[in-house]
Amino acid sequence: MPLIVQKYGGTSVGSTERIMAVAKKIIAAKSQGNDIVVVVSAMSGETNRLVNLAKEIAEPPNAREFDVLLATGEQVTISLLSMALTEQGCPARSYTGGQVSILTDNTHNKARILEINDQKIRNDLNQGKVVVVAGFQGVDADNNITTLGRGGSDTTAVALAAALKADECQIYTDVDGVYTTDPRVVPDARRLEQICFEEMLEMASLGSKVLQIRSVEFASKYNVPLRVLSSFEDGPGTLITMENNKMEKALISGIAFSRDEAKLTLVGVKDRPGIAAHILTPISEANVEVDMIIQNKGENNTTDFTFTVHRNDYTKALNILNDLKELETKEILGDDKIVKISLVGVGMRSHAGIATTMFRILADEGINIQMISTSEIKISVIINEKYLELGVRSLHTAFGLEEAQKPA
Ligand code: ASP
Ligand code: MG
């Protein structure tokens with residue numbers, strides 16, 4: 001019998017009515033002859049509520065106790081959903097992460113799944129039951145409750161699908177798929193039928209928050225077909241799989257963007273071996289993630305060194321640079337009014353000149369490009385934040401993304 005792992009996010013189980021509706025969807029899928037394992041998030045807003053409770057007492061809260069607290073959100077929804085299923089005549093059983101068991105490392109609040117014992121689940125499936133598992137949580141080797149980081153239920157679902165060798169992992173959410181870009185910025189953005197893991201990883205890391213990034217990495221590593229679909233309306237959603245010949249192989253699959261960018265520039269630093277390491281070591285030691293880096297030859301053996309960080313880390317990074325010893329630099333500049341726009345598509349691999357087209361389109365709109373970075377399947381530019389909407393819209397139109405693409 002085909003095995004499907006379904007995951008329902010917080011809005012999908014946000015009220016008892018919604019939970020009853022989700023139970024109906026599960027029963028429909030089961031009656032089509034599938035074994036079903038369900039992973040649920042906490043009711044929408046619940047994890048935030050718990051986070052705030054903890055902050056009223058301690059900041060930061062004790063990491064172990066924080067996990068004990070946060071894991072309760074999902075325990076509410078697994079039990080309610082199991083009740084709803086049973087009430088509608090479908091035998092079901094709920095498990096917390098620890099009960100399954102989902103074994104993780106001991107990094108509280110950001111644990112990684114190490115191993116899943118699928119025995120209990122298999123037994124229940126063999127008895128015709130639907131199995132409902134709490135997302136976002138596990139236990140470490142000493143039986144301490146751990147959580148996987150915000151949005152971690154996606155990862156639970158994919159990890160379970162991999163462990164159970166499921167035929168598909170379906171992520172039900174409040175959008176009906178992955179779009180060519182954010183429909184709030186471009187109203188005629190188009191839902192993609194299919195996209196490959198590599199593209200999805202780029203889209204997710206660039207700010208398309210449909211899926212937790214780690215869940216896509218996991219799915220890609222274990223080759224679990226992932227489908228994103230709406231729990232509110234019927235439809236095929238978007239299938240995320242390995243790159244294959246049947247794909248539409250569009251030149252560009254989507255335009256991702258991120259508003260959370262900031263850049264720092266050291267003007268006229270001494271151009272000597274070790275300078276990049278000297279600047280970036282304290283930055284990474286402070287757990288600040290660096291994204292783009294540009295260094296250029298200046299005059300008199302000096303160089304300008306620019307890098308970008310998440311906007312939340314801007315002040316921290318600027319303070320670190322200002323405190324840096326033995327740094328002969330003319331000036332340290334910062335700008336946290338920048339955004340990043342990226343074209344993503346595996347079709348770019350076999351096509352030259354797309355970057356030039358992109359720069360031309362932006363130039364025609366009078367948009368100045370401040371930084372550029374490229375990879376095989378992505379071109380990113382940094383621009384002033386006030387041009388974000390204009391930039392994304394003109395690229396979307398110019399590359400014809402509102403229509404299904406012809407093969408590259
Ligand atoms: N409830 C957790 C959160 O809000 C996990 C999840 O929903 O995936 O982050
Ligand atoms: Mg989520």
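All ligand and atom numbering here is 1-based and tracks the order in the structure.
In terms of N/O distances under 3.5 Å, ligand 1 is not approached by Lys7. Checked by distance only, ligand 1 and Asp154 stay at 3.5 Å or farther apart across all their nitrogen or oxygen atoms.
Counting only heavy atoms from C-beta outward, the side chains of Ile240 and Phe197 approach each other to under 4.5 Å. In this structure the side chain of Gln137 never reaches within 4.5 angstrom of the side chain of Thr146, judged on heavy atoms.
Side-chain contact check for Glu261 and Ser258: at least one donor-acceptor pair (N or O, by modelled atom type) lies under 3.5 Å. Using a 3.5 Å distance cut-off with no hydrogens or angles, the side chains of Asn48 and Arg150 do pair a donor with an acceptor. Looking only at atom types and distance, the side chain of Lys7 has no donor-acceptor partner in the side chain of Gln170 under 3.5 Å away. Between the side chains of Ser215 and Thr155, no donor-acceptor pair is found at a separation under 3.5 Å.
For ligand 1, the atoms lying closer than 4.0 Å to a non-hydrogen atom of Gly151 are 3 (C), 5 (C), 6 (C), 8 (O), 9 (O). Of all the atoms in ligand 1, the ones that sit under 4.0 Å from a non-hydrogen atom of Arg150 are 3 (C), 4 (O), 9 (O). Those atoms of ligand 1 with a heavy atom of Phe136 less than 4.0 angstrom away are 2 (C), 5 (C). Remark: ligand 1 atoms within the under-4.0 Å shell around heavy atoms of Ser153 are 5 (C), 6 (C), 7 (O), 8 (O).
Residue contact check for ligand 1: Gly135 places no non-hydrogen atom closer than 4.0 Å to it.
Residue Glu74 touches ligand 1 through its side chain alone, judged by heavy-atom distances below 4.0 Å.
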